[in-house]
Amino acid sequence: MKTVFNLLQQAEKYLTLHNIEEAKLDSEVLLCGVLNITRSNLFLLRDKSLTPQQYIKYQTYIERRISGEPVSYILEKSEFMGLNFFVNKNVLIPRQETEILVEEVIKTVKQNDNLKSLLDIGTGSGCIPVSVCKYCPDISAVAADISSAALEVAKQNAILNNVSAKIIFKKSDMFGDISKKFDIITSNPPYISEREFKTVQKELLFEPKEALVASDDGLFFYKIISDNLKNFLNENGFAFFELNSNISNKINGLFENKGYKNIKIIKDYSGLDRVLVIQNG
């Protein structure tokens, strides 16, 4: 049986041959998943041989990755805000860009003692409310999603990160079944246009299309949010929405046309418009 070192070399070459950009990293992370170890321990085992079962499992993982399936779906886990999250094909994989939104929420909560309640619309994996509740002890949240399957994933992540007592999970089509106001409203809504979706990387095709694509050139859900925000956000409350940077000006305009004046845009690590922040009042 080949050693860890030999297998990693072989897998990296194979992934590179099939145009997988992070071939070295992916080969290591997938093998760590098979062996149930961290990457820091992987090279301590470079001369270890895999069992036949482990070898077959690793081969299967590599073939799945070659098909374009993201590593997070193969291993059913993802890291976000320094926390571990369970993910499957019913939810989007949490992304670094969304951490910018969560960091801005946490910073705002620490600057405003009166912010206690949060509503997350289209919660998916629950990464936003789970992270905020984890790092802000006084916050409680309602996590809403139209997908029952997504809500089950979010519930697991609240349990995994010991915040399930602070979060209510609610099946709701946007604001449809929400009946009260909140100090904070967050959302990372579907915002890719059908035109943009035709050019996405193959990895994105494994993620739920309904969580990615929006009609009206990506504006559909932002329009619903801008139409309803005042009915659900407390006076002096804050709203945080992830942006499609290609249409950020149009999204900003939707809220300006509804009379919101205290608006700012946070850029991501590439200098693109990524988070819209609104204070009500």
Side-chain angles (χ1 to χ4, degrees), residues 80-83 92 94-145 167 174-175 178 180-192 211 214 218-281:
F80 181 83
M81 291 295 298
L83 305 172
L92 292 183
R95 285 169 168 75
Q96 189 177 30
E97 290 84 0
T98 308
E99 290 189 354
I100 298 170
L101 185 153
V102 172
E103 288 167 354
E104 194 67 23
V105 174
I106 293 170
K107 182 173 76 173
T108 303
V109 169
K110 290 181 177 179
Q111 292 170 347
N112 297 270
D113 294 339
N114 58 320
L115 302 177
K116 304 294 183 185
S117 60
L118 179 148
L119 169 65
D120 186 46
I121 295 291
T123 200
S125 67
C127 64
I128 293 174
V130 167
S131 299
V132 174
C133 286
K134 186 72 175 181
Y135 292 115
C136 300
D138 294 332
I139 291 288
S140 60
V142 172
D145 204 291
I167 304 177
M174 300 299 286
F175 296 98
I178 305 301
K180 66 175 186 175
K181 289 190 172 187
F182 296 82
D183 299 324
I184 302 166
I185 294 178
T186 57
S187 186
N188 178 16
Y191 59 58
I192 298 175
L219 289 170
F220 179 80
F221 292 100
Y222 294 112
K223 287 183 175 180
I224 294 175
I225 293 169
S226 65
D227 286 343
N228 289 275
L229 187 60
K230 278 199 185 303
N231 298 325
F232 296 95
L233 185 62
N234 283 327
E235 188 72 19
N236 297 316
F238 289 83
F240 304 81
F241 307 119
E242 187 163 326
L243 293 172
N244 177 339
S245 60
N246 294 325
I247 52 173
S248 60
N249 287 337
K250 291 181 179 179
I251 298 166
N252 187 45
L254 290 175
F255 291 95
E256 286 183 340
N257 290 339
K258 293 295 179 179
Y260 293 99
K261 295 182 175 62
N262 197 350
I263 301 175
K264 68 176 178 178
I265 290 178
I266 309 296
K267 294 186 181 294
D268 65 17
Y269 310 109
S270 301
L272 301 174
D273 294 347
R274 189 54 63 193
V275 178
L276 188 74
V277 183
I278 299 170
Q279 185 171 16
N280 187 27

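The model shown is predicted, which means the values in this text are computed figures rather than measured ones. Note that these values count all heavy atoms, side chains included, but never hydrogens, waters or copies made by symmetry. Residue numbers count from 1 along this sequence.
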*Measure the shortest side-chain to side-chain distance between Lys107 and Glu104 over non-hydrogen atoms and say whether it is less than 4.5 angstrom.*
yes
*Does the side chain of Thr186 reach to within under 4.5 Å of the side chain of Val105, using non-hydrogen atoms?*
yes
*asked:* I want to check something: taking the side chain as every heavy atom from C-beta on, are Leu229 and Tyr260 in contact at a cut-off of under 4.5 Å?
replied: yes
*Please lay out, stage by stage, how Ile266 and Val277 fare under the test side chain to side chain contact (heavy atoms under 4.5 Å, CB included).*
CA-CA 8 Å; Ile266 309 296; Val277 183; 4.0 Å; yes
*asked:* To the nearest 0.5 Å, what is the distance between CG on Leu119 and CG on Leu233?
replied: 9.5 Å
*asked:* Can you tell me how far apart CG (Asn280) and NZ (Lys261) are? Round to the nearest 0.5 Å.
replied: 11.5 Å
*Side chain of Glu99, backbone of Met81: donor and acceptor closer than 3.5 Å?*
yes
*Is there a side-chain contact between Thr108 and Phe240 (heavy atoms, below 4.5 Å)?*
yes
*Does a side chain donor of either Asp145 or Thr123 reach within less than 3.5 Å of an acceptor in the other side chain?*
no
_What's the separation between atom CZ in Phe221 and atom CD1 in Ile251, rounded to the nearest 0.5 Å?_
13.0 Å
*Can you measure from CG (Asp183) to CD1 (Ile185) and round to the nearest 0.5 angstrom?*
9.5 Å
*asked:* Can you confirm whether Asn236 sits close enough to Asn234 that some side-chain heavy atom of one is under 4.5 Å from a side-chain heavy atom of the other?
replied: no
*May I ask you to test the Leu276-Ile278 pair for a side-chain heavy-atom distance under 4.5 Å?*
yes
*When you measure from the side chain of Arg274 to the backbone N and O of Glu97, does any donor-acceptor pair fall under 3.5 Å?*
no
*Please step through side-chain hydrogen bond (donor to acceptor under 3.5 Å, both in side chains) for the pair Tyr191 and Glu242, ending with a clear verdict.*
CA-CA 9 Å; Tyr191 59 58; Glu242 187 163 326; 3.0 Å; yes
_Polar side-chain atom of Ser131 near backbone of Ile128 as donor-acceptor pair, under 3.5 Å_ = no
*Is Lys267 close to Leu272 at the side-chain level, that is, under 4.5 Å between some pair of heavy atoms?*
no
_Working to the nearest 0.5 angstrom, can you tell me the gap between Ile247 CD1 and Asn252 CG?_
12.0 Å
*Are the side chains of Phe238 and Val109 in touch, meaning some heavy atoms are under 4.5 Å apart?*
no
*Ser187 side chain vs Ile121 backbone, donor-acceptor pair below 3.5 Å*: yes
_Where Lys180 and Phe232 come nearest, the two heavy atoms and their spacing_ = O-CD2, 3.5 Å
*Please report the closest heavy-atom contact between Ile139 and Ser117, naming both atoms and the distance.*
CD1-N, 4.3 Å
*Nearest heavy-atom pair of Ala144 and Ile178: which atoms, and what distance?*
CB-CD1, 4.2 Å
_Test your reading of the model: is there a side-chain donor-acceptor pair from Lys230 to the backbone of Asp227, 3.5 Å cut-off?_
no
*For the residue pair Pro94 and Phe80, what are the closest heavy atoms and their distance?*
CB-CD1, 3.5 Å
*Mind listing the closest non-hydrogen atom pair of Asn228 and Phe175 along with its distance?*
CB-CD1, 3.5 Å
*Closest approach of Leu101 to Phe241 (non-hydrogen atoms, all atoms of both residues)*: CD1-C, 3.8 Å
_Pair Ile167-Cys133, side chain to side chain contact (heavy atoms under 4.5 Å, CB included): steps then yes or no_ = CA-CA 8 Å; Ile167 304 177; Cys133 286; 3.8 Å; yes
*asked:* So does Gly271 get a backbone contact from the side chain of Asp268, meaning a donor-acceptor N/O pair under 3.5 Å?
replied: yes
_Between OH on residue Tyr222 and CG on residue Asn244, distance to nearest 0.5 Å_ = 6.0 Å
